[in-house]
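This report refers to the structure that appears directly beneath it.
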Amino acid sequence: MRLDLSGVERMDSAGAAFCALLQRRVAAAGGTLELSGVSPAARDSLSVFRVRDSDASPGRRREGFFERVGGSVYSSFLGFVLFAVLVTDTFYATVTGFFGRRQRVRLAAIIEQMIRIGLESFAIVGLISFLVGLTVSLQSAVQLAQFGANIFLVDLIALGMTRELGPLITAIILAGRCGSSIAAELATMVITEEVDALRTMGVQPVRFLVVPRYIAISIMQPLLTMMANLLGILGGFVIALVSLEIGPEAFGLRLMNSLMLWDIVTGLIKSVAFAWIIVFVGAHRGFQVYGGAVGVGKATTDSVVQAIFAVIVADAFFSIIFYL
Amino acid sequence: MTRQESQEQRRTSPETGAEPTPIISVRDLVVGYGGPPIIDGLSIDILPGRVTAIIGGSGCGKSTLLKSVVGLLTPQAGSVRVAGHDLAALDEDALVGALSNVGLLFQQGALLNSITVAQNVAMPLEVHSRLSREVIALTVRLKLELVGLAHAAELLPSELSGGMKKRAGLARAMVLDPELLLCDEPSAGLDPQTAADIDQLILRLKDTFRMTVVVVTHELASIEAIADDVVMLGRGGVLLFSGSKEEAQRCGVPEVRDFFARRTPEAGGDTRPLLDVLEGRP
Ligand SMILES: Nc1ncnc2c1ncn2[C@@H]1O[C@H](COP(=O)(O)OP(=O)(O)OP(=O)(O)O)[C@@H](O)[C@H]1O
Ligand SMILES: [Mg+2]
């Protein structure tokens, strides 16, 4: 085959690539490509680029099916081990950070994180719990009124909020708010080598980055949960007052009778467990980030989805042991 | 002169005849990022009290080598000893102690983005020393002044230019006056004037504080000015040359010769100009 380049006034990279491709196709078909009348412009362009005879540029190797399955089993196992290491490291660093001599826990960092979590979340947690309390009560009020069981609305909303909805709503919001920001911050720090820099300065990243967040969320989440409980019950009270004509005294009296300390305590125990899930999943996803900005985004969304999933599984588990 | 000979000669310093113990001793190092090894079987010694320039093409594993020296990467095989310690084998307390003697300037600076430049530089002091706040603040000032960044002390890293980040990173790496200072391309991205200032600074650190300095650099002028020894890595982290600068300038290894003569090496062995291929020339 013959390629006439005599009329070429200018040849760009794509033009050169086209010629190379043409030559390969022709050679593959068993022919030869002949150039004729190569203009000076084409000549310059074609001698700039170099090609490899063997054409063995390594590229990304494709993996076979079994290799992929094996690889993903192995990496989930590895991920599990790393998660366990992160958790034990954090516990160890927390204990030694309070009682050891070296590398004490920095109170200022904990307080900073607590304020951040509180400020970021209290309004949204409060609002949503109030609205959920309101909606659940409204839905139930209609049913209860049919049986003349108006007063049981108090039991329903009090137990529902403290045992279940308060901890769960708070956990889901904090997973979205704090879990994601923990994952995003740590992932960015891994990618910009800040975590490496900490290590070379003799600072353990877990101590410096995870422990303050871990302690802060372990304190803030029960507090926020209590607030959620209160506002949820307040939502119930509004409905009781407006549509069931239960007055404040009646509501309060019934609340005292129906709500046990145990209900509140189990809810708070759950909320601490949820806090740990959120902080460890976020930190784990953050530290295990791979790739640039896309990796950070993936770590962030993964952390939220996985934390919410784990919170709901844990919630089911707690329901079985606490209330069955 | 063969590589072996040059190493032997250098080991016995002419004045004392004694054999200085290397401050960094890398033996058959194999290291990578989980995939195939980036450095495969490297052995070098870095002598104390000298400035060693590590040179080599882009992507050959110079930064990787520095990261394994400070223990950020665990060797898959072989060992790295820094001042007699195998960093990978130390427990937390001992590691913290050993690291207080090593400063690393990262290629991208790696400043903590959420705190100011001054706080970044203060951090190693806060971790490793029990100095009072005032002393720490003043030390930080002095170090920032040395790298010409005193005016930027209260800025956040994101508000700095690339070269300023480099200099802030250098201030942080040397704030503890470590025995061993590792710099990954300290003058890349700096104007010639500032680059020369950094070179002078490195020389002064070596002379006044008896620091051992390892610099990864591509600047011939900078090597001329500061290096005592030269280590050249080739593709895949293989050792092409290790010896004093004078030996390097006279040495017969083609890559080293090309580097010092500023010659572009023969264009990559198995590639040919596209034109030759198209015209069917062998
Ligand atoms: N985080 C990483 N994960 C995987 N591979 C990496 C990583 N960092 C570097 N590499 C690979 O390791 C090799 C050596 O990289 P390194 O950064 O050590 O090169 P270098 O000699 O410092 O180059 P330069 O002069 O351009 O800085 C490169 O081929 C690179 O692809
Ligand atoms: Mg590098």
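These numbers were taken from a predicted model, which means no experiment stands behind them. Chain letters run A, B, ... following the sequence lines, proteins first and then strands; every chain starts at 1.
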If you measure from CG on B/L112 to CG on A/L198, what distance do you get to the nearest 0.5 Å?
5.0 Å
To the nearest 0.5 Å, how far apart are CZ in B/R172 and OG1 in A/T200?
6.5 Å
So how far is it from B/L278 CG to A/L35 CG, rounded to the nearest 0.5 Å?
5.0 Å
Quick check on A/F91: does its CZ atom have over 12 non-hydrogen neighbours (other residues, nucleotides or ligands) under 6.0 Å away?
yes
Heavy-atom cut-off 4.5 Å, strictly under: side chain, backbone, both or neither for B/L104 against chain A?
side chain
When you look at CZ of A/F83, are more than 12 heavy atoms from neighbouring residues, nucleotides or ligands closer to it than 6.0 Å?
yes
NZ/B/K206: more than 12 non-hydrogen atoms of other groups inside 6.0 Å:
yes
Check each atom of B/L176 against the heavy atoms of chain A and say whether the ones under 4.5 Å are side chain, backbone, both or neither.
neither
Given that the side chain runs from C-beta out, which part of A/V26 has a heavy atom under 4.5 Å from chain B: side chain, backbone, both or neither?
neither
Nearest heavy-atom contact between A/V203 and B/V127 is CG2-CG2, 3.3 Å
About how many Å separate CG of B/L95 and CZ of A/R199, when rounded to the nearest 0.5 Å?
10.0 Å
Could you walk me through whether A/E193 and B/K67 pass salt bridge (Lys or Arg N to Asp or Glu O under 4.0 Å), step by step?
CA-CA 11 Å; A/E193 295 187 312; B/K67 283 184 202 162; 3.0 Å; yes
Heavy-atom distance under 4.5 Å to chain B: side chain of A/A27, backbone, both or neither?
neither
So, for B/A110 and A/A197, which heavy atoms are closest and what is the spacing to 0.1 Å?
O-CB, 3.5 Å
Can you find a pair of side-chain heavy atoms, one from A/R43 and one from B/L275, that are under 4.5 Å apart?
yes
With a 4.5 Å cut-off on heavy-atom pairs, point out which of A/D196, A/V38, A/T188 contacts chain B the most.
A/D196
How long is the straight-line distance from CG of B/D276 back to CZ of A/R50, given to the nearest 0.5 Å?
8.5 Å
Counting neighbours of OH on B/Y33 that are heavy atoms of other residues, nucleotides or ligands and sit closer than 6.0 Å, is the number greater than 12?
yes
